[in-house]
Amino acid sequence: MKYLIWGTGPYCREKIDRFKEDEIVGFVEREKMNYRGRETILPSEIADFNYDYIVVLSSHYQDIIFEMVQMGIEYKKIIPGINCKPYLFSELEYISERGRVAVTPNGELEYIYKEDSIIKINGKKSWEQIRKYICSEENAALIKNMDIRPVGKKYGSDRGGSICRYYLDQFLREQKKVISGKVLEIGDRNYTEKFGNAVTSYVLHFDDTHEETEFDFKGDLRTGEGIEENFYDCIICTQVLDFVQDLTKTPDVLINSLKIGGKLLVSVSGISTICRYDMEKYGQYWNFTDKSLKNMFTSNSTECEVWTKGNCKVACAFLQGMGYTELTAQELEETDEDFQVVIFAVVTRIK
């Protein structure tokens, strides 16, 4: 994509780094100046340039966009800067993965939420209305009246089932076609048996209290000790990395144990309570984000796809120890990237 950027001020400087240098055709300003090593383009000169979109990186984007459409610039080629990450502090309560600002054919702006709710942006009241799509002021009263004690401390297992396990089952069900051949699981073979197809099931244990079979063995994810390289077609590593004290070598250990083309199925905790049993037995050291997990498993020998599950309500319910059956399917599937309860990755070894 090729972009013209309208704006060179503080707002632009906050967001410009999301664009690659070779994507930027030039910068538009109302007067000639040098910006980032380029002479700026006047609005009257825009028609002389080839571009896919004009991105308005100015806090006055609403007035500028109206002006551009009146100049004859196609509205579909205009991107309001408020839609561009990183979202500024003043934008956080209005813009998300579910809501964006769109340009209308006459150059006015409207807010589209989940493609089915539209609000025309024409003043402070419309922004107050938009905020209600993202935030719920009513929750403050609920929290003020809450007890400091949780609903339960068994992670929802006694209340219809763990929210975390709900997402894990969903993840592995969706990936069941790759759970085949030589499959390694950590600690037990529950998921291999539940979702595997024509597998030889191996289990890595952290101590000597495992079954005495040729397919169960002791290994160390910190160092790779006991773990064969270039051997597995699939590795299931769910909710394990949170409890590995030193993760420096662990990504390479897991990737190198795969055959070329093998798949590593990973899940880790984002927003979570402490798992007291595992904390006392192994130590609970880490919580993750989608970016930290992506960084861990991205290299020149891998392809890594990462996504998250959770939203504010799901996170609150999970921290309270509620079960997934106490939420609706719609509530569970509504994803808000700012409230990452569980993070998933599918890592493919490509060489």
Side-chain angles (χ1 to χ4, degrees), residues 85-87 92 96-98 155-157 161-176 178-179 184-187 190-191 194-195 221-222 234-255 258 262-275 278-279 282-299 302-324 327 329-349:
K85 295 180 180 178
Y87 303 137
L92 290 176
S96 73
E97 294 296 303
R98 297 163 290 169
Y155 322 109
S157 61
S162 163
I163 290 170
C164 175
R165 293 294 167 185
Y166 168 87
Y167 289 133
L168 292 183
D169 278 10
Q170 182 185 70
F171 168 58
L172 293 170
R173 189 176 299 111
E174 291 170 352
Q175 300 298 325
K176 64 186 302 183
V178 306
I179 306 175
L184 175 64
E185 193 169 345
I186 316 299
N190 291 342
Y191 283 129
K194 186 172 183 179
F195 298 107
L221 289 177
R222 297 169 299 179
C234 177
I235 299 174
I236 299 173
C237 185
T238 53
Q239 307 306 101
V240 171
L241 300 182
D242 313 48
F243 308 98
V244 179
Q245 184 177 12
D246 185 353
L247 289 169
T248 306
K249 297 180 180 179
T250 302
D252 287 337
V253 168
L254 289 167
I255 292 163
L258 289 168
K263 302 281 187 179
L264 170 62
L265 308 180
V266 181
S267 75
V268 291
S269 295
I271 300 169
S272 73
T273 56
I274 296 298
C275 181
D278 287 326
M279 170 67 96
Y282 305 110
Q284 185 169 345
Y285 300 99
W286 312 107
N287 287 69
F288 296 81
T289 65
D290 55 344
K291 183 165 286 190
S292 62
L293 191 62
K294 180 85 169 177
N295 286 347
M296 279 184 67
F297 289 104
T298 298
S299 72
T302 64
E303 291 177 349
C304 181
E305 180 186 5
V306 174
W307 65 97
T308 71
K309 289 289 187 178
N311 55 57
C312 184
K313 185 169 185 174
V314 166
C316 290
F318 185 52
L319 291 176
Q320 284 285 340
M322 294 173 63
Y324 78 87
L327 300 174
Q330 182 177 355
E331 289 168 340
L332 288 163
E333 293 310 317
E334 185 80 29
T335 297
D336 186 333
E337 62 178 5
D338 293 333
F339 297 89
Q340 302 178 8
V341 175
V342 189
I343 303 106
F344 297 101
V346 176
V347 186
T348 306
R349 183 179 178 186

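Considering every non-hydrogen atom in both Cys234 and Ile179, the closest pair reads SG-CA, 4.1 Å. In plain terms, the two heavy atoms of Phe318 and Ser162 that are nearest each other are CE1-OG, 4.3 Å. The shortest non-hydrogen separation linking Arg222 to Lys249 is O-CB, 3.4 Å. Pairing each heavy atom of Glu337 with each of Gln340, the nearest pair is O-NE2, 2.9 Å. Contact detail for Ala317 and Ile163: the closest heavy-atom pair is CB-CD1, 3.9 Å. Between Gly310 and Val341, the closest heavy-atom pair is CA-CG2, 3.9 Å.
Tyr167 places a side-chain N or O within donor-acceptor distance of the main-chain N or O of Leu332, the cut-off being under 3.5 Å. Listed for the Lys294 side chain is a donor-acceptor partner under 3.5 Å among the backbone atoms of Cys304. Checking side-chain atoms of Ser267 against main-chain N and O of Gln239 turns up a donor-acceptor pair under 3.5 Å.
Between Asp290 and Leu293, the closest side-chain pair of non-hydrogen atoms is not below 4.5 Å. Inter-residue side-chain proximity for Leu265 and Val346 is flagged as met; some heavy-atom pair is nearer than 4.5 Å. Counting heavy atoms from C-beta outward, Val314 and Phe339 have side chains that stay 4.5 Å or more apart. The shortest distance between side-chain heavy atoms of Glu97 and Thr335 does not fall below 4.5 Å. Between Gln175 and Lys263, the closest side-chain pair of non-hydrogen atoms is not below 4.5 Å. In this structure, Val306 and Phe297 have side chains that are not in contact, with every pair of non-hydrogen atoms separated by 4.5 Å or more.
In this view, Phe171 and Trp307, Phe344 satisfy the ring pair (Phe, Tyr, Trp, His ring centres under 6.0 Å) rule, not counting sequence neighbours. Listed by chain and residue number, nothing satisfies the ring pair (Phe, Tyr, Trp, His ring centres under 6.0 Å) test with Tyr191 (two or more places apart in sequence, or in another chain). Evaluation of the side chain to side chain contact (heavy atoms under 4.5 Å, CB included) rule for Tyr285 yields Gln245 as partners, not counting sequence neighbours. Shown here are the side chain to side chain contact (heavy atoms under 4.5 Å, CB included) partners of Ser157, two or more places apart in sequence or in another chain: Lys154. Residues passing the salt bridge (Lys or Arg N to Asp or Glu O under 4.0 Å) test with Arg98, sequence neighbours excluded: Glu334, Asp336. In terms of the side chain to side chain contact (heavy atoms under 4.5 Å, CB included) criterion, residue partners of Leu247 (sequence neighbours excluded) are, by chain and number, Leu241, Val244, Thr250, Trp286, Phe288, Met296.
For the atom pair Asn190 CG and Thr238 OG1, the distance stands at 9.5 Å (nearest 0.5 Å). For the atom pair Ile186 CD1 and Ile235 CD1, the distance stands at 7.0 Å (nearest 0.5 Å). The line from CG of Leu221 to CZ of Phe243 is 13.0 Å long, rounded to the nearest 0.5 Å. The distance from the OG1 atom of Thr273 to the CG atom of Asn287 is 9.5 Å, given to the nearest 0.5 Å. Here the CD1 atom belonging to Ile343 is positioned 8.5 Å from the CD1 atom belonging to Ile271, to the nearest 0.5 angstrom.
Remark: aromatic rings of Tyr324 and Tyr166 are close, center separation under 6.0 Å.
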(request) Please lay out, stage by stage, how Glu303 and Arg349 fare under the test salt bridge (Lys or Arg N to Asp or Glu O under 4.0 Å). (result) CA-CA 7 Å; Glu303 291 177 349; Arg349 183 179 178 186; over 6 Å; no
(request) In sequence, state the C-alpha distance, the side-chain angles, and the governing distance for Cys275 and Tyr155, and then conclude on side chain to side chain contact (heavy atoms under 4.5 Å, CB included). (result) CA-CA 9 Å; Cys275 181; Tyr155 322 109; 4.0 Å; yes
(message) Applying salt bridge (Lys or Arg N to Asp or Glu O under 4.0 Å) to Glu185 and Lys194, what does each step give before you reach the verdict?
(response) CA-CA 12 Å; Glu185 193 169 345; Lys194 186 172 183 179; over 6 Å; no
